[in-house]
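Hydrogens, waters and symmetry mates play no part in the numbers below; they use all other heavy atoms, side chains included.
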Number of protein chains: 2
Amino acid sequence: MPAMRRHYALNGLRLLHSTARPGAAAKPAPGGEHAGIRAATLQTTLTDSPKPIVPKEKLVFGHTFSDHMLAIEWTAGGGWGRPQIKPYGPLQLDPSCSVFHYAFECFEGLKAYRDAQGKLRLFRPDRNMARLNNSAARLHLPQVDGAEVIECIKELLRVDKRWVPEGQGYSLYLRPTLISTENTLGVHRANSAMLYVITSPCGPYFPTGFKAVSLYCDETNVRAWPGGVGNRKLGANYAPSIGPQAEAESKGYQQVLWTIGEDHELMEVGTMNLFVLWRNDAGELELVTPPLDGTILPGVTRESILELARGWGEFAVSERKVSMKQVAKASNEGRLLEVFGAGTACVVTPVHRIHFQGRDYDIPLDPAHPESQAGPIAARIYKTLLAIQYGDTPSKWSVVVD
Amino acid sequence: MPAMRRHYALNGLRLLHSTARPGAAAKPAPGGEHAGIRAATLQTTLTDSPKPIVPKEKLVFGHTFSDHMLAIEWTAGGGWGRPQIKPYGPLQLDPSCSVFHYAFECFEGLKAYRDAQGKLRLFRPDRNMARLNNSAARLHLPQVDGAEVIECIKELLRVDKRWVPEGQGYSLYLRPTLISTENTLGVHRANSAMLYVITSPCGPYFPTGFKAVSLYCDETNVRAWPGGVGNRKLGANYAPSIGPQAEAESKGYQQVLWTIGEDHELMEVGTMNLFVLWRNDAGELELVTPPLDGTILPGVTRESILELARGWGEFAVSERKVSMKQVAKASNEGRLLEVFGAGTACVVTPVHRIHFQGRDYDIPLDPAHPESQAGPIAARIYKTLLAIQYGDTPSKWSVVVD
């Protein structure tokens, strides 16, 4: 694993902690044209005014940020510059930068977990780096060497270790973000860009146990389409979702169920991938999720759930198209067992109701325990993945920040 | 017209030129919660280091910016703040701002022209303001009072008048931009935002007369979709177009012809609206452009061309769906007369060739003058609109900055 191979570089890194004042200009990387990111050249400038830690009970997702950030600048002529860990602070960007006008931006979301031994762990960060490159390619933004970025992120975590809250469900959310810094108004590829990583401590998605949500199947708005960019984690996919989300809420539902086409094929739920557990038309117990046909996001949690469930071998596991009409029919015939969303923030979010074409379809969740807010398979997936993420179950998916 | 009604406010504005140092904090508007934009409260802080004017022959679109910018901040609690004209300079934004992550951004493009009397003129700026509000609404960003913003823009033009180059085809490009400044990571509506306007002097799109372009009909990528946001001027529509544009160029064509569906219905060309002049199936001479069905941008130039051509009454003028298959058939049968793009930057861009499904379709442009780079209708529209924009032909579309 790259994490191990590059350990020698990390020891060297600590010598690079600099006493340069915040805001001092970064030196160009020695690599010259088309230089890659090199974690071994990382320079750290520590804050001289560390912030007080917010008590973990008071955390609101994405509202609190740690003391430092990672930033790596890129130019078409010079490639990637020297990675910088520096005090968390504002970006200074020309108002003509194409990130403000043409949405030249993509991002990732992953978490750092504190295990029972106090060690920090990441969950499949290589998957986030691969997806970041896939997003960047679609925008002609530069590619990164994922292993090198992960090394830089590990160092950021060492520097801000005190910001990773303790306890099951608590974590430090990491937000790698790649933006164009090109400061001209033509619509063309960027000649300069910046990758930065900010981190935000967060609490459990379900602080008092699962809470199932209701979905509104939107028949007007479409999140993504064939030939579009729904399979890339671009900023462009998110702002347009706010209106439909507000509309769903105004109708008394918590999330949008995104579908496409005349048959209302299932796509995603809110900003999560979607899973259905049912007895299918052939009478077979099946966990099904929409296929990666270019219109849905290839979630890391989605991929992990598929691998887990296939490993269990207890029911069919499928990536195939499923329409809301089929789901409604299964519900009418008592064959719909569980529906849940899957994503980094929540791991799984059980669904107890779907509104479709004027009717509410209720989902039993767990008939053996009517008061339960999660079906047994969703709950089992949740437990299994958390045990891996927090290091209680050994797994190659969990990468220790040593 | 609002421009006249508010003239009294403008005289007052000149007294507001302040001697505050650049970067001084803006005072909140006195309007309290949900305050609208009030041009009468505009505050101007002049630069103490004016830049040298770039010789107009050396201008490259969107590379040079004038001395000042307009900025108006908004908060959910306080509404719009006091409009500020201030020295052009970088934005300072928290790295968590949702404009960097979720593409909470929309913009407009319009131009200021210097007429034969030396007066500055805008072309239908009310249309840009209406479209800005339409874009903002889709993102749950705040609405503006267009007439008030136009008054602020006029003052910006007075302050930077020396930046408006002289001569037919030269202009000062204006870029109103509305971004979220919300500095939390949840995907939800913004609680703070900023409208700013930067200006960039630019030369004629065709410095040495028309130059017709070739189009590549993209059969893989789709710009927009029913239920999507193709009819709003959101950043989200632009970055994803870079890849297809690069691909078209790599195949030897200059712009992408965007189509949709099995029949390849025409949508847009590059970042322009599209017009076709042909003898249609019924043998009728017809100027046709795709309808505003939610998937294409409602261009100000498009709307103006339709109004002009309808006023001429010399041929049918239609907004209806046309497929690339129909255009190819018309070309084969010698019925295809002209194809051109239309937009603020170029007014019109003639098309001389379209690549579709492995074949090039050549467009005669002007058979009477084989060397011509524009068809007679495109050339006539261009001349007519320029005469209005530069004030040579009186028109209610041209708004004088008095």
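For B/Phe100 and A/Phe100, the distance between ring centers is under 6.0 angstrom.
Ranked by heavy-atom pairs under 4.5 Å with chain A, the first of B/Leu141, B/Asp218, B/Asp94 is B/Asp94. Annotation: maximal heavy-atom pairing with chain A below 4.5 Å, among B/Lys233, B/His63, B/Arg175, occurs at B/Arg175. Counting heavy-atom pairs closer than 4.5 Å to chain A, the top-ranked of the candidates B/Pro240, B/Gly270, B/Gly294, B/Cys106 is B/Pro240. Residue with the most contacts toward chain B among A/Gly228, A/Ser98, A/Ala345, A/Gly243: A/Gly243 (heavy-atom pairs, distance under 4.5 Å). Contact count versus chain B (heavy atoms, under 4.5 Å) is highest, among A/Ala71, A/Ala239, A/Ala236, for A/Ala239. Ranking A/Leu234, A/Val187, A/Thr64 against chain B, the residue ahead of the rest is A/Val187, based on heavy-atom pairs under 4.5 Å.
At a 4.5 Å heavy-atom cutoff, the contact between B/Asn183 and chain A is made by backbone atoms alone. Contacts between B/Arg138 and chain A at a heavy-atom distance below 4.5 Å involve backbone atoms as well as side-chain atoms. With a 4.5 angstrom heavy-atom cutoff, B/His101 touches chain A via backbone and side-chain atoms both. Heavy-atom distances place the side chain of B/Val229, and not its backbone, under 4.5 Å from chain A. For A/Ile179, the part lying near chain B is the side chain, with the backbone staying farther off; criterion is any non-hydrogen pair under 4.5 Å. A/Phe65 touches chain B through its side chain: at least one heavy atom from C-beta onward sits under 4.5 Å away, while N, CA, C and O do not. Interface residue B/Phe107: only side-chain heavy atoms are found under 4.5 Å from chain A. For B/Arg223, the part lying near chain A is the backbone, with the side chain staying farther off; criterion is any non-hydrogen pair under 4.5 Å. Only the backbone of B/Thr220 has a heavy atom closer than 4.5 Å to any heavy atom of chain A.
Considering every non-hydrogen atom in both B/His140 and A/Ala246, the closest pair reads CE1-CB, 3.5 Å. Scanning all heavy atoms of the two residues, the minimum distance from A/Trp225 to B/Ala224 falls at CZ2-CA, 3.7 Å. Closest heavy-atom contact between B/Pro90 and A/Pro95: CA-CD, 4.0 Å. Of all heavy-atom pairs between B/Ala103 and A/Glu105, the closest is N-OE2, 2.6 Å.
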- Query: Where do A/Phe61 and B/Thr184 land on the side-chain contact (heavy atoms from CB on, under 4.5 Å) test, with the steps shown first?
  - Reply: CA-CA 8 Å; A/Phe61 178 79; B/Thr184 63; over 6 Å; no
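Atom-to-atom distance recorded for A/Ile242:CD1 and B/Leu139:CG is 8.5 Å, nearest 0.5 angstrom.
In this structure a side-chain-to-backbone donor-acceptor pair under 3.5 Å is missing from A/Gln92 to B/Leu91.
Side-chain contact check for A/Asn237 and B/Tyr102: no donor-acceptor pair (N or O, by modelled atom type) lies under 3.5 Å.
Within residues 188-204 of chain A, the residues having any heavy atom closer than 4.5 Å to a heavy atom of chain B are A/His188, A/Arg189, A/Tyr196, A/Ile198, listed by residue number. Heavy-atom neighbours of chain A within the stretch residues 256-268 of chain B, taken at a separation under 4.5 angstrom, are nonexistent.
Counted within 6.0 Å of NZ on A/Lys51, heavy atoms from surrounding residues, nucleotides or ligands total more than 12; the atom is thus considered enclosed.
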